[in-house]
Amino acid sequence: LYSWQTMSTPDLHLIFVIDDDASLRDDLVDYLLGEGYRALGFASYEQFVPASELLQPALVVLDLGLPGLDGMAACQLLRQRWPHVGVVMLTSRSGVEQQQAGLQAGADAYLLKTASLPLVQATVASVLRRLTSASLLAASNASQNTASHASAPRRSQFLTHLCSRKADPPSAQLFVG
């Protein structure tokens, strides 16, 4: 069953596919569903907006050549709204300049539409793995920062002691206290 999430909580398995090529979009959504992800497809950024008011995906697969708002502008809006959501551009634009522009606009990966479905899925999995690791690291750092504030006076005493000591012989005892 599908679980509805609020905008502030990304569903770690929800992927939005925004592509105006209905056949490719449907094939990719079906493939991702078969790989255990929840996936929803949209023909344009404008069609995607109402769903984005209800759900926050973990990742968006985005075409550049969309009707209405193009993929570059859509990527920038996605990054402004959800800086930690993965973005994989999947497009027929193969020029180096387009690839650079896509990555500079905020895409985590840039694939050509000639990529196989398994390659697209592997890229999605790689980006999600990185995002999950980054989230876990951020949570760990936050808890360490909370703990480190509690031990700051003790650490300060230790550093003061070390700085005030002259070069002691190796057998000198460390200050513990």
Q: Would you confirm whether Gln121, through its side chain, and Leu117, through its main-chain N or O, come within 3.5 Å as a donor-acceptor pair?
A: no

Q. Donor-acceptor pair, Thr132 side chain versus Leu128 backbone, under 3.5 Å?
A. yes

Q: Could you tell me whether the side chain of Arg79 and the main chain of Gly106 form a donor-acceptor pair under 3.5 Å?
A: yes

Q) Considering only heavy atoms from C-beta outward, does the side chain of Val60 approach that of Val88 to under 4.5 Å? A) no

**Q.** Gly95 backbone acceptor or donor facing Gln98 side chain under 3.5 Å
**A.** yes

Q: Could you pull out the closest heavy-atom pair between Leu14 and Gln56, with the gap in Å?
A: CD2-O, 4.1 Å

Q: Can you measure from SG (Cys75) to CD (Gln104) and round to the nearest 0.5 angstrom?
A: 11.5 Å

**Q.** Asp19, Val120, Val17 screened by side chain to side chain contact (heavy atoms under 4.5 Å, CB included) with Leu24, the one that passes
**A.** Asp19

Q) Could you give the distance from CG (Asp30) to CD (Glu35), rounded to the nearest 0.5 Å? A) 12.0 Å

Q: Quick one: closest heavy-atom pair of Thr123 and Ala109, and the distance?
A: CG2-CB, 3.5 Å

Q | Asp63/Arg93 salt bridge by N-O under 4.0 Å criterion | A | no

Q) If you group Ile, Leu, Val, Met, Phe, Trp and Tyr by side-chain heavy-atom gaps below 4.5 Å, do Tyr45 and Leu54 land in one group? A) yes

Q | Presence of salt bridge, Arg130 and Asp108, under 4.0 angstrom | A | yes

Q | Nearest heavy-atom neighbours spanning Met89 and Ala107 | A | CG-CB, 3.7 Å

Q. Backbone N or O of Ser94 within a donor-acceptor pair of the Gln99 side chain at under 3.5 Å?
A. yes

Q) Hey, does the side chain of Ser52 reach the backbone of Val49 with a donor-acceptor pair shorter than 3.5 angstrom? A) yes

Q: Rounded to the nearest 0.5 Å, what's the gap from CD1 on Ile15 to CZ on Arg38? Could you check?
A: 10.5 Å

Q. Are side-chain heavy atoms of Phe48 and Leu40 found at a separation under 4.5 Å?
A. no

Q: Output the distance between atom CG (Leu64) and atom CG (Leu90), rounded to the nearest 0.5 Å.
A: 9.5 Å

Q | Inter-residue atom distance Asp21.CG - Leu66.CG, 0.5 Å rounding | A | 11.0 Å

**Q.** Aromatic ring pairing Tyr37/His13, orientation class (parallel under 30°, perpendicular over 60°, tilted between)
**A.** tilted

Q) Roughly how far apart are Leu77 CG and Leu69 CG, rounded to 0.5 Å? A) 6.0 Å

(Q) For a quick test of reading the model, state the closest non-hydrogen atom pair linking Ser44 to Gln47 and the distance between them. (A) OG-N, 3.0 Å

Q) Is there side-chain contact between Val87 and Leu59, with heavy atoms separated by less than 4.5 Å? A) no

